[in-house]
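Just below is one structure, and these are the notes that go with it.
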Amino acid sequence: MAVCDFVALAAKGVRALSPYKPGKPMEELERELGLSGIIKLASNESPVGPGPAALAAVAETAKGIARYPDGNGFALKQALAAHHQVTLESITLGNGSNDVLELIARGFVTSDNEVVFSRHAFAVYPLVTQAVGARAEVTPAKNYAHDLGAMAAASTAKTRVVFIANPNNPTGTWLSADAVESFLAAVPEKVLVVVDEAYFEYVDEPAYESFIPRIEKHRNLIVTRTFSKAYGLAGLRVGYSVSDPQVADVLNRVRQPFNVNVMALAAAEAALGDRAHLDKSVEVNRIGMKKLTKAFEEMGLAQIPSAGNFISARMPKSGAEIFRGLLKQGVIIRPIAEYEMPDFIRVTVGLEGENDRFIEALKNVLANA
Ligand SMILES: *Cc1c(COP(=O)(O)O)cnc(C)c1O
């Protein structure tokens, strides 16, 4: 009898899917190279780590992990509602904000629909689009940034969702509040516009604004946020969206009942109340970003100005080669060929010593080119 091909049996969208490639884990590189003291600047995690309040909340709630979490995440939602001045009903919690992005696709998009996003945009947008068998309409970028004019023009009667990353990963590019507002005015209300603000806390640009205060004005607006970046809780997996309550109702219908775990709920709530720690993370990033930017400049490498906690720079040879050269020196960064940027690398801003080590290692790799 013929051997069963289960990939051929997979849902149509899933068959063509290639799994998300995460940054290389440090333990894996340590095993491979027999090195220790490896640094990882590959996944836009906070180099500062979690704050004391979040850690205390994890320790405290660990005692209660025999019980299911609060499926509605009431305490965290209440804290978020107060923080953002929105109603509880407008919040949807996710196992990371990626979970919410997937809920949006599962809740609203079918194989008859189209989803619009930009070239060089966050990899999860094509993933969730394909997983539901929908067609992705990928618009050209303008200087590596989203071209909102092209994105508005690309939306058709079949378009159900548009993903906008502001700032975008891996390019670090950001859009002004005026530009996003004009975009919202240009698309029909039945097109859901997702504004992904994963790096909101880091942005220090006068023309930039969060769109959470505009969810009442634009009923088709969904803003996503995460505790994975500036709050330093990537390993716990917790994020959320703020939207019209009716949209949130749909997302909650497809959500797994206990999608956010006990420790993540408690840590996120504590982190939200720990302004001092957030400020510290943002300040460490500001200083580190300055150093990396200056170093790339001195090395004569073109870079894309970034509003996030990472920066992408163009290399004289392929990003994959630079990646391998840096690995041999115990430094993990991210080649971004899968974002159609084969001669770029993306590096996450680290602690001072980590940034110094990255810069030294990069100089060595380029000198041996
Ligand atoms: C890191 C990132 C996220 C956050 O993902 P989580 O699932 O919350 O960890 C979302 N959007 C973008 C653009 C990102 O870079």
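Here the structure is a predicted model, which means the values were calculated and not measured. Both counts, for ligands and for their atoms, begin at 1 and track the order of listing. Atoms considered below: every heavy atom in the structure, side chains included; atoms not considered: hydrogens, waters and symmetry mates.
- Of all atoms in ligand 1, numbered sequentially from 1 with element shown, those under 4.0 Å from a heavy atom of Arg237 are 6 (P), 7 (O), 9 (O).
- Proximity of Asn44 to ligand 1 is not established, as no heavy-atom distance is less than 4.0 Å.
- Close contacts between ligand 1 and Asn169 involve ligand atoms 13 (C), 14 (C), 15 (O) [criterion: under 4.0 Å to a heavy atom].
- In terms of polar-atom proximity, Asn95 is not counted as a contact of ligand 1, lacking any N or O under 3.5 Å from an N or O of the ligand.
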Lys291/Asp356 under salt bridge (charged side-chain N to carboxylate O under 4.0 Å, His left out): CA gap, chis, key distance, verdict: CA-CA 9 Å; Lys291 179 176 266 184; Asp356 289 341; 2.7 Å; yes
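- Considering Gly239, Gly94, Ser97, Pro167 only, the shortest heavy-atom separation from atom 10 (C) of ligand 1 involves Ser97.
- In this structure, Tyr199 has its ring center under 6.0 Å from that of Phe310.
- Looking only at heavy atoms of the protein, atom 11 (N) of ligand 1 is closest to Asp196 OD2, 2.7 Å.
- Salt-bridge check for Glu181 with Arg214: passed, with a basic side-chain N closer than 4.0 Å to an acidic carboxylate O.
- At a 4.0 Å cut-off, at least one heavy atom of Tyr199 sits close enough to ligand 1 to count as contact.
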Worked verdict on Lys190 versus Asn220 for side chain to side chain contact (heavy atoms under 4.5 Å, CB included): CA-CA 7 Å; Lys190 66 171 204 174; Asn220 56 333; over 6 Å; no
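- In this structure, the protein non-hydrogen atom closest to atom 9 (O) of ligand 1 is Ser228 OG, 2.6 Å.
- If you look at Asn98 next to ligand 1, the close heavy atoms, those under 4.0 Å, come from the backbone and the side chain alike.
- Below 3.5 Å of separation, one finds no N or O of Tyr125 facing any N or O of ligand 1.
- Geometrically, ligand 1 and Thr226 share a nitrogen or oxygen pair separated by less than 3.5 Å.
- Between Asp99 and ligand 1, a contact under 3.5 Å exists for no N or O pair.
- Taking a cut-off of under 4.0 Å to the non-hydrogen atoms of Ala198, the atoms of ligand 1 that pass are 2 (C), 3 (C), 10 (C), 11 (N), 12 (C), 14 (C).
- A salt bridge does not link Glu354 to Lys40: none of the charged nitrogens lies less than 4.0 Å from a carboxylate oxygen.
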Verdict with supporting geometry, Ile222 and Val195, side chain to side chain contact (heavy atoms under 4.5 Å, CB included): CA-CA 6 Å; Ile222 308 175; Val195 177; over 6 Å; no
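- Taking the centre of each ring, His146 and Phe163 stay at or above the 6.0 Å mark.
- The aromatic rings of Tyr125 and Phe122 lie perpendicular to each other, with more than 60° between the two planes, well past the 30° mark.
- A tilted orientation is assigned to the rings of Tyr208 and Phe200, their planes being inclined by 30° to 60°.
- Annotation: atom 14 (C) of ligand 1 to nearest protein heavy atom, Lys229 NZ, 3.2 Å.
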